[in-house]
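One structure is given here, and the rest of the page talks about it.
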Amino acid sequence: MDWQGQKLAEKLMEIFLVAFAIVAFVVGYSIGSFQTMLLIYAAGVLLTTLVTVPNWPFFNRHPLNWLDPSEVERHPKPQPTAAHSSKKKASKQK
């Protein structure tokens, strides 16, 4: 799952859970059944889990491009220089 897929999954989860909570409350209140309300909300949680947890193809629309190992070897990571630490020591002595 890519970064945009994670964002989409989180947004879908929020929408589904709120929608099922509202529907469950309205139906449960209108027929006066707490059990029915809980069953509707539990079904919503189950459906939300089935939609957002598996790595569905629509969550992978923007894959990350990783560097090849040969590219990494040609461009080594810059190392910090010792000049920065001497400036900090000089400022502490003042």
Side-chain angles (χ1 to χ4, degrees):
M1 186 179 295
D2 57 36
W3 295 107
Q4 286 85 4
Q6 289 180 3
K7 185 177 180 179
L8 176 62
E10 184 176 354
K11 188 55 98 175
L12 285 173
M13 179 196 66
E14 291 172 359
I15 291 169
F16 278 28
L17 289 178
V18 169
F20 274 101
I22 292 169
V23 169
F25 178 77
V26 169
V27 171
Y29 187 78
S30 64
I31 60 176
S33 174
F34 187 74
Q35 181 180 6
T36 303
M37 181 187 73
L38 286 179
L39 288 174
I40 292 172
Y41 188 69
V45 170
L46 182 64
L47 180 66
T48 302
T49 303
L50 290 174
V51 169
T52 59
V53 171
N55 193 10
W56 297 107
F58 62 90
F59 291 136
N60 292 316
R61 291 184 183 162
H62 309 283
L64 295 175
N65 295 323
W66 294 89
L67 287 177
D68 291 329
S70 60
E71 287 289 322
V72 174
E73 291 170 1
R74 281 193 273 168
H75 305 286
K77 183 178 177 182
Q79 299 297 324
T81 59
H84 296 288
S85 61
S86 64
K87 287 181 182 177
K88 287 183 180 179
K89 290 180 183 177
S91 64
K92 287 182 180 177
Q93 293 175 356
K94 290 182 182 179

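- When all heavy atoms are compared, the tightest approach of Met1 to Thr52 is CE-O, 4.2 Å.
- Residues satisfying the side-chain contact (heavy atoms from CB on, under 4.5 Å) criterion with Leu17, sequence neighbours excluded, are Met13, Tyr41, Val45, Thr48.
- The side-chain contact (heavy atoms from CB on, under 4.5 Å) search around Phe58 returns Leu8, Leu12, Trp56, Arg61, not counting sequence neighbours.
- Taking Lys11 as the reference, Glu14 meet the salt bridge (Lys or Arg N to Asp or Glu O under 4.0 Å) condition, with sequence neighbours excluded.
- Every residue meeting the side-chain contact (heavy atoms from CB on, under 4.5 Å) condition with Gln35, not counting sequence neighbours, appears here in chain and number order: Ser33, Leu39.
- If you chain together ILVMFWY residues whose side-chain heavy atoms come under 4.5 Å of each other, Val53 ends up in a group of its own.
- Legend: residues meeting side-chain hydrogen bond (donor to acceptor under 3.5 Å, both in side chains) with Asp2, ordered by chain and number and at least two apart, are absent.
- Atoms CD and CD1, from Glu10 and Ile15 in turn, are 11.0 Å apart once rounded to the nearest 0.5 Å.
- Put simply, Phe59 and Leu47 are part of the same group of oily side chains (I, L, V, M, F, W, Y) that touch within less than 4.5 Å, one to the next.
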For the pair Phe25 and Ile40, evaluate side chain to side chain contact (heavy atoms under 4.5 Å, CB included) and give the outcome as yes or no after the intermediate values.
CA-CA 9 Å; Phe25 178 77; Ile40 292 172; over 6 Å; no
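- Between Gln4 atom CD and His62 atom NE2 the span is 5.0 Å, to the nearest 0.5 Å.
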